Asker: 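My questions will all concern the structure given below.
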Amino acid sequence: MAECRDSEESVAESGDKLKSEFYFQEKDLWGFIHRSFTKSMGYTEEDLRKPVIGICNTFSELNKCHSHFNELVDYVKRGVWQAGGVPMEFPTISIGEPYVKPTTMLLRNLMAMDTEEMMKGHPIDGVVLLGGCDKTVPAQLMAAASANIPAIVLTGGPMLNGRLGGRSLGACTDCYGFTLEHKAGNISDEELAVAENAICRSDGHCMVMGTASTMASIAEAIGMALPGCAAIPAPDSRRRHMSERTGKQIVELVRQGIRPRDIMTAAAIENAITVTMASGGSTNAIIHLIAISQRLGMKLPLETFDRISSQTPFILNLRPSGKYQMEEYFEAGGVPALMKELEPLLHGDCLTVTGRTVAENLVQAVTLDRDVIRTLEEPLDSQGGIAVLRGNLAPDGALIKQTAVSAHLKKHIGRAVVFESPADLNERIDDPDLVVDENSVLVLKNAGPKGAPAMPEIGQIPIPQKLLKQGIRDMVRISDARISGTSYGALIVHAAPEAAIGGTLALVQDGDEIELDISVRRLELKVSDEELARRRVSWQAPKPHYDRGYGLLFHERVLQANLGCDFDFLLPAELREELLGEMESVRKMESPRLN
C-alpha cells in the first residue's frame, strides 16, 4: 500500500485542526481507506468525528511493575468515552527492571524512540502514557517532549508494604539487606526464602523512594500527571478512579490545545528537581531529567541540581533515606502535600495537565502526618538528598545520595582497592586474600554508559565478605555505574567522564589515596598531574561489547552521564551542535591520546 500523502510535519503543524481530522474527514482515497479500515473494528461514523486518544499500554508479563495495566486501561477508556473522545490502545516496548539484562538503561532510549514514533505516526490527537517501572516514565516523558502532542502520564502506583514478623519491608532496599545478611551467614537459606515470599505482596512498582517512585513523583511535580497520582498504591480502588480521571482530562487537554512543551518549561523542571531533593529521590532522576530537558532544547547542568539541593531541605521521611514507605506517604497526603510544604521554593505559576497552575492545584493540599512529611522549619536534614561532587577524579561530576550515607563516611580519606571491570569485581570481591580494610575505598571501573555496557545499577559495590563478618556494613565506593534508587550507603556514582573513554577513573591504581568531603562537594584523587599523564600514555580503551545491532548503535552514539545518556542524534539540532562541541573540546583536553 502506498504511503499516506500527508507528511508528519504538515500534520504536526496544522494549527487548530485535529490530527485525526486529516485521516478521517477527507473525502478522497486516503480518507476512504482510513474510515473503512477503522469502521471494520467496530467504530462508527460518529466516533470518527471525535478526538482520538491513544492509550500507550506498556503491559507485559515480563514487567512485574506493569502486570495490572490492562485493568487500568479499561478505566482510562471509560474516562475518554465519558469526556467525548475515542480511545485507541496501542503497545510499545516495556522495560521491566528485575528482568532485563544487561540493564534497562540500554533500552530506555529505544523505548523513547518507539513511543515517540508511535505518537507521531498515528491518527491520535492526544495520548495517555501508562508507565511505572524505572525507565518507562522517563522514556515516555522524553518522547512526549519530542513529539509534543497533548499527553498525560498515568503511573501504575507502588506496591503495598511487604510484611514479615510485624515488620514493614520495602523492595528493593530490604532485598539488599536480606542478601547481605545471608552472605554474612546471619540468616539461612530457608529464612531467605520466607523473606522472598513476603517482600512483594501486591501489584505495583517498588514502594520505597526508589527510581520508580521518584519518577512518578517527578511526572506529577513537573505537571504531566494529575495531582495525587504518584503515591496511590497499585491495588487501591483510588488508582482506578485516577485512571478514569486521567482519561477524561486528556480529552480536555486536546480541546484546550495544551501540549507537553507548554507544561515542561525550565521552571517546571526546577520544580521537579526541588521535589526530588526534598524527597531523598533517586540519583537516576538526574540522568533522566537532563535527558528530558535536552529533548526540550534546554541545557541542564549538574550545578543546577546542586544549587537546588543546597537550598532545599530534606523533608520526606521515606526509605531508603528515612523511615516510611509510599503507602504511608499516600496516607500523609502524597506529592500535593509535599509540594504544599515546599510552595515557597516552587514556581507556582507553572501550567499543569489540570489546565491550572501549580499554585492553583495546591490550594486545598494538606499534610496529614507530620512524621512522614516534615515542615521546612523542622526538616530531616537542611539540604536535599543528592550532592554533586567535583574534583580531578570526576571533572564532569559525580553523584552521591548524601541522605543515605553513614555519618562517619561523609568526610573520608582512604586508599583505593581497584576493580578493572564488573567481571573483575565479581571474581575478586570475596577473595579472602584481598588487601582491604574498612577504611579502603572500593573503586569500580568500566561500568559506565559505554563500558559496562550501558551503565547498569552495580554501583552498590558489595562489601567484601571478610569485612561483613567483622560487622562492617558501609564503605566509600566509587564507580561510573548507576545505583538503584533503593540503594543506600556511601556510594559515589555517575563519575564522568567514564573510565571506558579515558576519564581519570581509568587511571586509578591500588593504593592511591582518595579524598571525599561531601560538605565541600570534593572528590579528589591524591595523585599528581604528572603521574596521571604518565599513566595515560599506557592506557588502552576496552573493546566494545557489541559489533552489530542496537548495542553497537548505543555504544557509538550514547552521551555521558552528565549529559543524560541520551543518543546524540535525538537532541534538537541546535542543542546537539552546542553540546557535542563542548564535549569534543573537553575530550581533547583530557584525553589527547584518544584523538
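This one's a predicted model, so the numbers in the text were calculated from it and none came from an experiment. Counting begins at 1 with the first residue of the sequence.
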Asker: Taking NZ, NE, NH1 and NH2 as the nitrogens, is one of them in Lys248 or Glu252 under 4.0 Å from a carboxylate oxygen of the other?
Answerer: no

Asker: Between Glu270 and Arg307, does a salt bridge (Lys or Arg N to Asp or Glu O under 4.0 Å) hold up when you go through it step by step?
Answerer: CA-CA 10 Å; Glu270 289 201 350; Arg307 171 179 58 81; 2.9 Å; yes

Asker: Flag the pair Lys19 and Asp125 as a salt bridge only when some basic side-chain nitrogen lies within less than 4.0 angstrom of an acidic carboxylate oxygen.
Answerer: no

Asker: Would you mind telling me which of Asn57, Val128, Ile53 makes a side-chain contact (heavy atoms from CB on, under 4.5 Å) with Glu89?
Answerer: Asn57

Asker: What heavy-atom pair brings Gln140 and Cys56 nearest, and what distance separates the two atoms?
Answerer: NE2-SG, 4.0 Å

Asker: Could you walk me through whether Met142 and Leu570 satisfy the side-chain contact (heavy atoms from CB on, under 4.5 Å) test, starting with their C-alpha distance in whole Å, then the side-chain angles of each, then the deciding distance to 0.1 Å, before giving a yes or no?
Answerer: CA-CA 10 Å; Met142 291 161 67; Leu570 293 177; 5.9 Å; no

Asker: Determine, step by step, whether Phe59 and Leu130 satisfy the side-chain contact (heavy atoms from CB on, under 4.5 Å) criterion, reporting the C-alpha distance in whole Å, the side-chain angles of both residues, the deciding distance to 0.1 Å, and the verdict.
Answerer: CA-CA 9 Å; Phe59 164 82; Leu130 268 74; over 6 Å; no

Asker: Where do Val405 and Lys401 come nearest, in terms of heavy atoms and distance?
Answerer: CG2-O, 3.3 Å

Asker: Just do the side-chain contact (heavy atoms from CB on, under 4.5 Å) check on Val388 and Leu399 with the steps written out, would you?
Answerer: CA-CA 5 Å; Val388 178; Leu399 304 179; 3.8 Å; yes

Asker: Considering the options Arg576, Arg557, Arg295, which one meets the side chain to side chain donor-acceptor pair (under 3.5 Å) requirement together with Asp566?
Answerer: Arg295

Asker: Going by side chain to side chain donor-acceptor pair (under 3.5 Å), Ser282 matches just one of Asp134, Thr276, Thr211. Which one?
Answerer: Thr211

Asker: Does one side chain, of Gln383 or Ser309, offer a donor that lies under 3.5 Å from an acceptor on the other?
Answerer: no

Asker: Please determine whether a side-chain nitrogen of the Lys or Arg among Arg239 and Glu71 lies less than 4.0 Å from a carboxylate oxygen of the Asp or Glu.
Answerer: no

Asker: Arg201 and Met207: side-chain contact (heavy atoms from CB on, under 4.5 Å), yes or no, with the steps?
Answerer: CA-CA 11 Å; Arg201 66 185 187 98; Met207 68 291 266; over 6 Å; no

Asker: Which heavy atom of Ala231 sits nearest to which heavy atom of Tyr329, and what is that distance?
Answerer: CB-CD2, 4.3 Å

Asker: Would Thr367 and Glu341 count as having a side-chain donor-acceptor pair, cut-off 3.5 Å?
Answerer: yes

Asker: With no hydrogens and no angle check, just 3.5 Å: does a side-chain donor-acceptor pair link Asp381 and Thr403?
Answerer: no

Asker: Aromatic rings Phe90 and His122: how do their planes relate, parallel, tilted or perpendicular, breaks at 30° and 60°?
Answerer: parallel

Asker: Is there a side-chain contact between Met111 and Thr92 in this structure, where contact means two heavy atoms from C-beta onward sitting under 4.5 Å apart?
Answerer: yes

